[in-house]
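Numbers for residues simply follow the sequence, beginning at 1. In listed order, ligands and their atoms are each counted from 1.
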Amino acid sequence: MGIAGQYAVEDPPHSIPGTMKAAVYRGVNDVRVETVPVPDIGPGEMLVRVHSCGVCGTDLKKIATGSHSAPRIFGHETSGVVADVGQNVRSVRPGDRVIVFHHVPCGECFYCEHKTFAQCATYKKVGCTAGFEPSGGGFAEYVRVLDWIVERGTVRIPEGVSFEQACFVEPVNTCMKGIEALRLQAGETVLAIGQGPIGIILSVLARRAGASLITSDLYPERLKIGRSFGLDNCIDASRTDVVQRVRELTEGRGADAVILAVGGNSLIRTAMDAARPGGRVLLFAQTQHGEAIIDPAAICVDEKTLVGSYSASVDLQEESVRFVMNREMDLERLVSHRFPLDQSTKALELAAHPQPSSMKIMIQPSSSWAGSIREGNPQ
Ligand SMILES: [Zn+2]
Ligand SMILES: [Zn+2]
């Protein structure tokens with residue numbers, strides 16, 4: 001794939017315009033590309049020119065359910081170049097390539113001291129905005145980064161690491177948190193159901209934790225990508241019974257742990273059946289409340305455990321940064337589609353209705369950057 005330009009910054013720096021394009025959420029399933037003011041920044045803040053922003057399942061959920069008031073500009077897997085800094089900012093300079101977290105804890109309050117970071121008042125505030133109620137702002141040409149994020153939620157992208165690779169810090173963090181919840185022991189067998197980008201990241205992290213992996217997906221295209229990450233033990237679920245195959249591979253027992261990385265509830269039963277007695281099942285993509293069919297005796301008699309994990313963990317921030325920036329995994333290979341900001345609605349549409357060939361989808365305002373920066377290549 002053409003990643004020339006991923007590492008370049010402009011010389012001399014461009015001048016910041018007064019208006020920009022942004023994908024504005026206007027209501028349920030209503031996102032429009034509009035022209036909005038480039039946000040002003042105050043002391044301690046910075047303005048980042050967005051290179052790439054990953055489309056995340058949680059963005060899609062907010063857009064489809066109307067869980068948040070409109071208007072807003074979403075997007076939180078953001079990488080870009082510092083375009084301007086406010087007074088007193090010393091940690092970054094214009095031209096620096098960075099990723100920004102959209103929220104970080106204060107590190108000092110009662111809740112932070114007790115490591116329940118999600119309860120920290122600072123953590124609950126979103127610190128990146130492209131206008132309107134702060135909501136991430138990565139689906140815009142520029143994002144304003146508030147002072148506490150400049151101080152504690154900004155990571156410089158090392159030389160040799162692409163903007164796209166860097167966008168994966170947040171999703172990798174959420175996957176690391178899920179793997180922690182499974183408490184894997186070295187040598188355990190893990191079945192990962194679903195080999196979309198998140199399923200593949202979870203599988204690689206489970207293997208890194210010492211497990212041996214079996215993967216399954218309905219789409220052979222995805223298994224092939226998984227294989228390129230060394231996940232060879234895969235089941236084509238379109239033609240093979242996954243539960244039966246997993247039992248065959250585990251002396252009839254079932255997997256020690258099963259990761260369900262496919263949304264919806266229809267595979268929960270399969271995941272539980274594929275786990276051995278006393279095994280664990282991680283629900284990683286079941287984000288909608290509702291009812292699901294579960295065999296209660298699988299939990300009571302067979303002592304199988306259901307665990308869940310959602311969102312990122314502050315405790316894993318450094319580890320996820322290291323994993324991504326040291327390129328322990330070539331994450332940019334998981335990007336299947338890159339859309340210019342103009343085509344954000346298409347990007348969101350495709351992400352909401354994944355195809356066999358669609359993996360991670362990026363919105364790239366940088367497709368309109370001058371000369372040396374990447375050419376736009378929406379696919
Ligand atoms: Zn995300
Ligand atoms: Zn705090």
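Within a 6.0 Å sphere centred on CG of N326, other residues, nucleotides and ligands contribute more than 12 heavy atoms. Few gaps surround NZ on K177; more than 12 heavy atoms of other groups in view lie less than 6.0 Å from it.
Geometry about the Zn ion (ligand 2) gives an angle of 100° between SG of C112 and SG of C120, rounded in steps of 10 degrees. Remark: at the Zn ion (ligand 2), atom SG from C109 and atom SG from C106 enclose 110°, rounded to the nearest 10 degrees.
The name of the N, O or S atom in E170 nearest to the Zn ion (ligand 1) is OE1. Residue E77 approaches the Zn ion (ligand 1) most closely through its N/O/S atom OE2.
For the residue pair R97 and S79, no side-chain donor N or O sits within less than 3.5 Å of a side-chain acceptor on the partner.
Ring-centre distance between F139 and F74: not below the 6.0 Å cut-off.
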